[in-house]
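Naming convention: chains lettered A, B, ... in sequence-line order (proteins, then strands); numbering from 1 in each chain.
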There are 2 protein chains.
Amino acid sequence: MSTAEETTGGEVEPWEEVTPDAARRLLVAAVEAFAERGYHATTTRDIASRAGMSPAALYIHYKTKEELLHRISRIGHDKALDILRTAAGREGSAKERLADAVSSFVRWHAGRRTTARVVQYELDALGPEARAEIVALRRQVDAEVRGIVEDGVAAGEFDVADVQGTTLAVLSLCIDVARWFTVNGPRTPEQVGELYADLVLRMVGAR
Amino acid sequence: MSTAEETTGGEVEPWEEVTPDAARRLLVAAVEAFAERGYHATTTRDIASRAGMSPAALYIHYKTKEELLHRISRIGHDKALDILRTAAGREGSAKERLADAVSSFVRWHAGRRTTARVVQYELDALGPEARAEIVALRRQVDAEVRGIVEDGVAAGEFDVADVQGTTLAVLSLCIDVARWFTVNGPRTPEQVGELYADLVLRMVGAR
DNA sequence: AGCCGCTCTAAGCGGGCGCTCACCGTCAGC
DNA sequence: GCTGACGGTGAGCGCCCGCTTAGAGCGGCT
């Protein structure tokens with residue numbers, strides 16, 4: 001396959017795991033449409049035509065429009081969790097690991113903003129079972145960050161009164177990047193990642 | 001009128017300016033529905049029935065469903081801006097004013113979460129002209145917070161390398177409260193406001 | 001060649017959407 | 001007591017939604 005799978009910063013498109021090719025094209029089209037207009041404002045006809053197919057083609061690869069959202073949300077959360085786990089599992093001080101976690105998490109939310117928007121803001125459009133599955137992944141995301149903060153407090157590196165509240169605020173800050181970031185803005189994902197890592201280290205009173 | 005206009009913490013319902021009474025009931029119903037399910041997933045029949053009226057009644061008071069969202073967004077942004085202006089205009093050090101601005105802004109996003117959700121997350125559902133009007137209000141919101149941060153830097157109270165970026169992060173942190181806050185959670189709006197004011201003072205390196 | 005199985009399309013079904021229209025009850029002014 | 005203005009309803013129009021179905025095209029087996 002000679003089609004370029006590269007995008008911003010040489011990062012590989014994260015949908016390579018989706019096969020066959022037509023299913024992936026539909027999913028990528030759905031991510032773009034959902035991110036631009038929201039799940040409920042997007043029609044199956046819009047998704048299919050973005051993928052260069054007829055409306056009926058969607059239903060060969062996906063049972064419903066909701067299944068598309070579910071797959072996107074699942075893969076996106078897996079990726080986000082993977083990013084945090086990698087940073088949390090590294091060697092180094094809690095300060096280094098927290099800065100690494102925040103900067104890479106923010107880089108993902110900014111650089112892959114379309115995906116992140118869908119992942120973070122369309123949870124309510126999922127049915128109860130699918131939503132429960134995603135909520136469980138979010139709890140794991142929270143646990144990773146909280147773990148680093150707790151390590152820092154235990155090691156005397158951080159000064160944090162309310163560990164759970166501060167963890168929530170740190171994640172909240174990162175996630176909201178998907179709402180406001182735009183490629184036309186003055187900052188690159190890397191710059192936002194650096195700035196935010198610095199701000200978060202201040203929030204936890206890192207010394 | 002003897003019906004209770006009071007809600008959480010004795011705060012007055014902010015829709016008193018909307019008249020006549022039927023128009024206000026429709027608007028309040030729309031806020032609830034939009035916050036719960038999103039603008040596009042809400043039907044005009046749903047709004048009308050929440051207000052105890054027939055579907056056609058909505059169109060006596062509003063030209064379209066979008067006009068309802070526009071009115072809600074406009075009034076909500078006015079209120080948010082008012083809160084920030086009040087805090088910014090107070091006497092006191094930049095540190096005191098920033099803490100006041102953040103805690104009251106966060107209290108509003110948590111305490112009036114349904115309104116805040118609609119105001120912050122349904123901007124894209126507005127048409128171009130209405131959206132432009134709201135975007136202008138958001139720039140004023142940004143300017144208020146940036147003004148306090150600049151004052152603090154000028155007075156040597158704050159240590160901030162990137163004023164615009166830090167302002168953005170502060171607002172981002174506050175706004176995201178509307179996404180995650182729930183009345184069933186462990187924290188009151190007041191507690192979140194206090195915690196966030198403290199975190200923000202750390203972000204700006206207040207001394 | 002003949003057939004299967006997979007992918008995709010053209011056409012369209014049933015239903016719910018935003019919104020409209022003809023009409024009705026209530027009440028103030030005369 | 002009549003009338004007009006106002007705020008409301010019941011019925012429904014035209015449209016587009018998510019999704020289905022019958023069948024076409026085609027590559028790979030035997």
Side-chain angles (χ1 to χ4, degrees), chain A residues 1 3 15 17-73 118 122 124-131, chain B residues 1 3 15 17-73 118 122 124-131:
Chain A
M1 186 121 337
T3 54
W15 308 118
E17 58 198 296
V18 181
T19 54
D21 193 71
R24 177 170 52 246
R25 272 162 43 225
L26 283 164
L27 191 133
V28 169
V31 169
E32 284 170 12
F34 292 164
E36 261 178 43
R37 311 145 62 97
Y39 175 79
H40 289 293
T42 299
T43 69
T44 54
R45 284 164 176 82
D46 184 26
I47 296 169
S49 85
R50 279 179 195 247
M53 295 170 169
S54 79
L58 195 151
Y59 294 91
I60 296 160
H61 301 282
Y62 302 95
K63 277 206 295 286
T64 62
K65 176 180 157 190
E66 193 199 321
E67 190 193 327
L68 256 172
L69 176 61
H70 184 194
R71 286 265 247 274
I72 292 165
S73 195
V118 178
E122 300 292 351
D124 290 346
L126 289 171
E129 321 83 28
R131 182 159 59 239
Chain B
M1 185 115 346
T3 53
W15 307 118
E17 58 200 295
V18 181
T19 55
D21 193 72
R24 178 170 52 247
R25 282 192 289 129
L26 283 163
L27 191 134
V28 169
V31 170
E32 284 170 13
F34 292 163
E36 261 178 44
R37 311 145 63 97
Y39 175 80
H40 290 292
T42 299
T43 69
T44 53
R45 285 163 177 81
D46 184 25
I47 297 168
S49 84
R50 280 179 195 245
M53 296 169 168
S54 78
L58 195 151
Y59 294 90
I60 296 162
H61 301 283
Y62 302 95
K63 276 206 295 284
T64 62
K65 177 179 154 189
E66 194 199 319
E67 190 193 327
L68 257 172
L69 177 60
H70 184 194
R71 287 264 245 275
I72 292 165
S73 197
V118 178
E122 300 291 352
D124 290 345
L126 290 171
E129 321 82 27
R131 182 159 59 239

For DNA chain D, the residues among residues 35-46 of chain A that have a non-hydrogen atom under 4.0 Å from it: A:Thr42, A:Thr43, A:Thr44, A:Arg45
Distance, rounded to the nearest Å, where B:Leu26 contributes CG and D:dT9 contributes C1': 14 Å
Side-chain donor or acceptor of B:Arg45 paired with backbone N/O of B:Pro55 under 3.5 Å: no
Side-chain (A:Lys65) to main-chain (A:Leu58) donor-acceptor, under 3.5 angstrom: no
Between A:Glu66 and A:Ala130, which heavy-atom pair has the shortest distance, and what is it? OE2-CB, 4.3 Å
One should read off an interatomic distance between A:Arg71 CZ and A:Glu17 CD, to the nearest 0.5 angstrom, of 10.0 Å
A:Leu58 CG to D:dC17 P: how many Å, rounded? 13 Å
Write down the distance between OH (B:Tyr62) and C1' (D:dG7), rounded to a whole number of angstrom. 14 Å
What is the 5' to 3' range of DNA chain C, first to last nucleotide, that sits under 4.0 Å from any heavy atom of chain B? C:dC17 to C:dC21
B:Met53 atom CE is separated from D:dG10 atom C1', nearest whole Å, by 16 Å
Can you find a pair of side-chain heavy atoms, one from A:Asp46 and one from A:Thr43, that are under 4.5 Å apart? yes
Backbone N/O of A:Ala23 and side chain of A:Tyr62: donor-acceptor pair under 3.5 Å: yes
Is any side-chain heavy atom of B:Leu126 closer than 4.5 Å to a side-chain heavy atom of B:His70? yes
Are the side chain of A:Arg37 and the backbone of A:Thr42 linked by a donor-acceptor contact shorter than 3.5 Å? no
Output yes when at least one side-chain N/O atom of A:Tyr59 is less than 4.0 Å from OP1 or OP2 of D:dC19, else no. yes
